[in-house]
Amino acid sequence: MKSISKQNVALGIAAIAMMVGIAWVSLRGTNEPAGDAASAPLSKAADVLSPALFTDEKTRAAYQTAKDIPEVLEQLPCFCGCMKSFGHKNNMFCFKDQHGSGCEICQDIALDARKMHDAGMPIAQIQDNITAKYSKYQP
């Protein structure tokens with residue numbers, strides 16, 4: 001009986017050691033560099049839902065804008081109230097979930113930003129224009 005008990009204890013210790021080892025490997029992270037700045041927009045754009053998920057043309061265009069210029073949208077606030085009620089950090093967050101598909105303000109901010117960006121406007125001016133136009137909608 002004692003040998004079975006010792007065997008169970010040994011197996012229990014081995015199982016715990018294996019779980020600790022797996023947890024350590026899973027949670028330790030990597031020592032690899034995060035990558036260069038050129039790869040950053042790709043990873044941000046990867047967080048955006050696919051425009052193909054939506055049938056409405058304006059919604060598709062807004063989600064495509066978030067995929068194309070995430071570095072612009074992440075520098076713009078959203079004035080629909082989602083930053084308070086959903087914890088969004090900027091307009092780009094609206095397109096990481098389906099919130100942007102049902103919110104005209106989010107879509108309009110993204111589409112206006114795209115027009116200004118495509119016209120060569122600097123980000124500070126885009127921010128000023130978006131704030132001037134949309135801040136009146138903030139709850």
In the single-linkage hydrophobic clustering (I, L, V, M, F, W, Y; side-chain heavy atoms under 4.5 Å), do Leu76 and Ile105 co-cluster? yes
Minimum heavy-atom separation for Ala66 and Leu73, please, with both atom names. CA-CD1, 3.5 Å
Looking at OH of Tyr137 and SG of Cys80, how far apart are the two atoms once the value is rounded to the nearest 0.5 Å? 12.5 Å
Is there a side-chain contact between Thr65 and His117, using heavy atoms and a 4.5 Å cut-off? no
Please round to the nearest 0.5 Å and tell me the distance separating atom NZ of Lys89 and atom SG of Cys78. 14.0 Å
If two hydrophobic side chains count as joined below 4.5 Å and joins carry through other members, does Ile69 share a cluster with Ile130? yes
Quick one: does Met92's side chain get under 4.5 Å of Val48's, heavy atoms only? yes
What about Phe86 and Tyr63, same hydrophobic cluster or not, with Ile/Leu/Val/Met/Phe/Trp/Tyr joined at side-chain heavy-atom distances under 4.5 Å? no
Asp108 side chain reached by Lys58 side chain, heavy atoms, under 4.5 Å: yes
Sequence neighbours excluded, which residues qualify as ring pair (Phe, Tyr, Trp, His ring centres under 6.0 Å) partners of Phe79? none
Euclidean distance, Cys106 SG relative to Tyr134 OH, rounded to 0.5 Å: 10.5 Å
Side chains of Asn90 and Gln75: closer than 4.5 Å at any heavy-atom pair? no
Listed partners of Asp56 passing side chain to side chain donor-acceptor pair (under 3.5 Å), at least two apart: Thr59
In the single-linkage hydrophobic clustering (I, L, V, M, F, W, Y; side-chain heavy atoms under 4.5 Å), do Met116 and Ile109 co-cluster? yes
I need the Asn91 CG to Met83 CE distance, nearest 0.5 Å. 9.5 Å
Considering all heavy atoms of both residues, which atom of Ser50 and which atom of Lys67 are nearest to each other, and what is their separation? CA-CE, 4.2 Å
NZ of Lys136 to OG1 of Thr131: how many Å apart, nearest 0.5 Å? 13.0 Å
Could you list the donor-acceptor pairs under 3.5 angstrom formed between side-chain atoms of residues 94-102 and any protein atom two or more places apart in sequence or on another chain?
{"from": "Asp97", "atom 1": "OD1", "to": "His99", "atom 2": "N", "distance (Å)": "2.9"}
{"from": "Asp97", "atom 1": "OD2", "to": "His88", "atom 2": "NE2", "distance (Å)": "3.4"}
{"from": "Ser101", "atom 1": "OG", "to": "Gln98", "atom 2": "O", "distance (Å)": "2.5"}

Got a second to check how far Leu111's CG is from Gln64's CD, nearest 0.5 Å? 11.0 Å
